[in-house]
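Report on the following structure.
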Amino acid sequence: MNNLQNLGFDNWFSDKVDLSKTDLNIVRVISVNKNSFVVSNGVKDIYAELTGKFLYHSEDSLDLPAVGDFVYAQLFDDDELAIIHDILPRKSLLKRKASGKRVEYQLIAANIDTAIIMQSLDSNFNLRRLERYLVMINEGKINSAVFLSKSDLISAEEIDQKKNDICKILPDVSITTFSNNNASDIENIKTFFEPFKTYCLLGSSGVGKTTLLNNLIQQDLFKTQPIREKDGRGKHTTTRRELIILENGAIIIDNPGMRELGVISNESGLGDTFNEIDELSDQCKYKDCTHTVEAGCAVIEAVERGEISQERYNNYIKIYKESQYNEMSYVEKRQKDKKFGKLFHSTMKDIKKMKGR
């Protein structure tokens with residue numbers, strides 16, 4: 001198990017091991033590409049696939065392995081091939097609504113200790129987007145931190161103002177400002193990462209995540225691309241989620257830049273992110289208050305008094321409505337999928353009976 005400990009396998013996971021599966025190896029998923037995977041046993045990287053039974057019983061994307069998952073696998077061909085049989089319980093799970101019109105979850109990463117929201121101190125800086133990331137992170141019960149890149153582009157006074165703006169909505173969060181062009185900044189960031197803990201880098205394209213990773217591992221292992229001058233947006237450099245181990249043993253999961261960040265059923269995530277609104281909800285006249293039009297709404301009154309900014313309130317309502325709509329559509333989709341699944345299994349049983357005659 002020593003090699004697994006280097007991959008973040010701690011007492012929490014060892015207590016959850018299914019003793020009936022001792023004939024299988026425990027490995028960690030370090031890369032996902034549709035239904036093929038790369039896993040690690042702490043010694044080498046191994047190509048992996050799912051068993052047919054696993055795929056057959058998976059009703060939803062949540063049932064499939066994500067980067068960061070520990071899984072039970074059979075190893076073949078001198079540990080060159082792994083067949084995944086099951087997933088160990090997850091300590092945490094970072095997920096979002098799949099991009100586009102599909103109403104389903106997209107898994108970002110599993111078993112994260114700290115999720116790092118990375119924004120750059122140029123036109124990319126956006127408090128409302130930061131709140132949206134926080135809803136997703138808080139829903140997963142994951143610690144959060146903020147990295148602000150490109151600190152060489154603005155003055156110290158402007159940096160302090162942006163940090164103060166963040167502290168108003170996240171008073172206890174760790175905020176690190178840095179420039180990828182400053183070697184001492186990179187050395188300072190290295191001290192943030194603890195050995196054997198798992199971190200996840202989140203942020204839009206063009207904020208410097210890939211450059212930071214290259215600086216942390218001290219080699220140009222990952223490709224970088226310039227941002228567009230007209231709107232400051234970057235191209236997607238990272239195309240898939242990957243797990244990287246730093247020299248000190250810290251584990252980082254890199255993610256493609258996210259331009260679309262849909263949420264599904266984030267009631268606890270919303271409450272933790274907009275905690276002052278959540279607390280005021282208890283003072284509303286009606287228990288089912290939507291905080292939009294009701295008389296006696298403590299939240300609306302706080303906005304009118306200037307205790308909650310109009311922008312923060314608007315973002316809360318926007319995310320709340322989006323989450324409610326997506327959750328309703330998601331439940332309907334699951335019900336349809338289950339009905340189809342029952343029909344399929346029933347039909348297969350009938351076919352088998354007919355063949356047996």
- Item | same_hphob_cluster(V38, L81) at 4.5 Å side-chain heavy-atom cutoff | no
**Item:** Validation row: K44, E80 side chains within 4.5 angstrom (heavy atoms)
**Value:** yes
Task: 4.5 Å side-chain heavy-atom contact, L24 and D86 - done: no
Can you find a pair of side-chain heavy atoms, one from I137 and one from I117, that are under 4.5 Å apart? yes
Here the pair of heavy atoms bringing L75 nearest to A82 is CD2-CB, 3.6 Å
Practice problem: Could you go through the side chain to side chain contact (heavy atoms under 4.5 Å, CB included) check for L130 and I169 one step at a time? | Solution: CA-CA 10 Å; L130 182 68; I169 60 174; 4.2 Å; yes
Quiz prompt | Sidechain-backbone polar pair: N248 side chain, F193 backbone, donor-acceptor under 3.5 Å | solution = yes
Exercise. Using the rule that two of Ile, Leu, Val, Met, Phe, Trp, Tyr join whenever any of their side-chain heavy atoms come within less than 4.5 Å, decide whether I87 and W12 are in one cluster.
Key: yes
For a 4.5 angstrom cut-off between non-hydrogen side-chain atoms, does N181 reach K150? no
**Asked** Counting N and O atoms only, with roles assigned by atom type, does the side chain of N111 sit under 3.5 Å from a partner on the main chain of G68, one being a donor and the other an acceptor?
**Response** yes
*Would a hydrophobic clustering, with Ile, Leu, Val, Met, Phe, Trp and Tyr connected at side-chain separations under 4.5 Å, put F37 with L55?*
yes
I'd like to check I175 versus C167 (side-chain heavy atoms, cut-off strictly below 4.5 Å). Are they in contact?
yes
A quick test of your reading: do over 12 heavy atoms of other residues, nucleotides or ligands sit less than 6.0 Å from CG of N164? yes
Residues 289-308, side-chain donor-acceptor partners within the protein, below 3.5 Å, at least two apart:
from	atom 1	to	atom 2	distance (Å)
T290	OG1	T292	OG1	2.6
T290	OG1	E294	OE1	3.2
T290	OG1	E294	OE2	2.7
H291	NE2	S281	OG	3.1
E294	OE1	H291	N	3.3
E294	OE1	T292	N	3.3
E294	OE2	T290	N	2.9
R305	NE	E307	OE2	2.8
R305	NH2	E307	OE1	3.1

R28 and D69 ion-paired at < 4.0 Å = no
| message | Working note: L270 + I277, criterion side chain to side chain contact (heavy atoms under 4.5 Å, CB included); need CA distance, chi angles, decisive distance, verdict. | response | CA-CA 9 Å; L270 268 170; I277 293 178; over 6 Å; no
Closest non-hydrogen contact found for D185 with S151 is OD2-OG, 4.0 Å
*Side-chain donor or acceptor of N275 paired with backbone N/O of G271 under 3.5 Å*: no
Report yes or no: do E311 and N315 form a side-chain donor-acceptor pair below 3.5 Å? no
### Task
Report yes if the distance between the aromatic ring centroids of F147 and F192 is under 6.0 Å, otherwise no.
yes
Distance col, row I116:CD1 vs Y133:OH, nearest 0.5 angstrom, shows 13.0 Å
Verdict with supporting geometry, S184 and E187, side-chain hydrogen bond (donor to acceptor under 3.5 Å, both in side chains):
CA-CA 5 Å; S184 63; E187 290 304 312; over 6 Å; no
| query | I245 versus I217: any side-chain heavy-atom pair under 4.5 Å? | reply | no
Side-chain donor-acceptor pair present, T273, N138, cut-off under 3.5 Å:
yes
Between S58 (side chain only) and F54 (backbone N and O only), is there a donor and an acceptor less than 3.5 Å apart? yes
Minimal heavy-atom distance between C200 and L94, with the atoms involved, is SG-CD2, 3.9 Å
#### Entry: Test side chain to side chain contact (heavy atoms under 4.5 Å, CB included) applied to L170 and L134, step by step
CA-CA 10 Å; L170 265 178; L134 284 169; 3.2 Å; yes
Note: V173 and S144 closest approach over all heavy atoms is CG2-O, 3.8 Å
_Residues E276, R312: salt bridge by 4.0 Å N-O rule_ = yes
Check: Are F196 and L88 connected in the hydrophobic side-chain network, where two residues link if heavy atoms are under 4.5 Å apart?
Finding: no
Of all heavy-atom pairs linking I253 and A110, the shortest is CD1-O, 4.4 Å
CD1 of I154 to CZ of F125, rounded to nearest 0.5 Å, is 8.5 Å
Value for CD (E242) from CG (N33), rounded to nearest 0.5 Å, stands at 10.0 Å
For Y199 and E194, the nearest pair of non-hydrogen atoms, with its separation, is OH-N, 2.8 Å
Does the side chain of K163 reach to within under 4.5 Å of the side chain of V146, using non-hydrogen atoms? no
dist I186:CD1 -> S179:OG (nearest 0.5 Å) comes out at 7.5 Å
ILVMFWY cluster, L127 and L202 together (side-chain gap under 4.5 Å):
yes
**Q.** Criterion side-chain hydrogen bond (donor to acceptor under 3.5 Å, both in side chains) on Y72 and Q74, from CA distance to verdict
**A.** CA-CA 7 Å; Y72 297 101; Q74 245 178 319; over 6 Å; no
Here the gap from S92 atom OG to I142 atom CD1, rounded to the nearest 0.5 Å, amounts to 4.0 Å
One should read off an interatomic distance between S40 OG and I30 CD1, to the nearest 0.5 angstrom, of 5.5 Å
I'd like to know whether NZ of K21 has more than 12 heavy-atom contacts from other residues, nucleotides or ligands below 6.0 angstrom.
yes
Is T198 close to I252 at the side-chain level, that is, under 4.5 Å between some pair of heavy atoms? no
| message | The test is side chain to side chain contact (heavy atoms under 4.5 Å, CB included); show your working for L62 and K95 and say whether it passes. | response | CA-CA 9 Å; L62 295 178; K95 59 187 185 295; 3.7 Å; yes
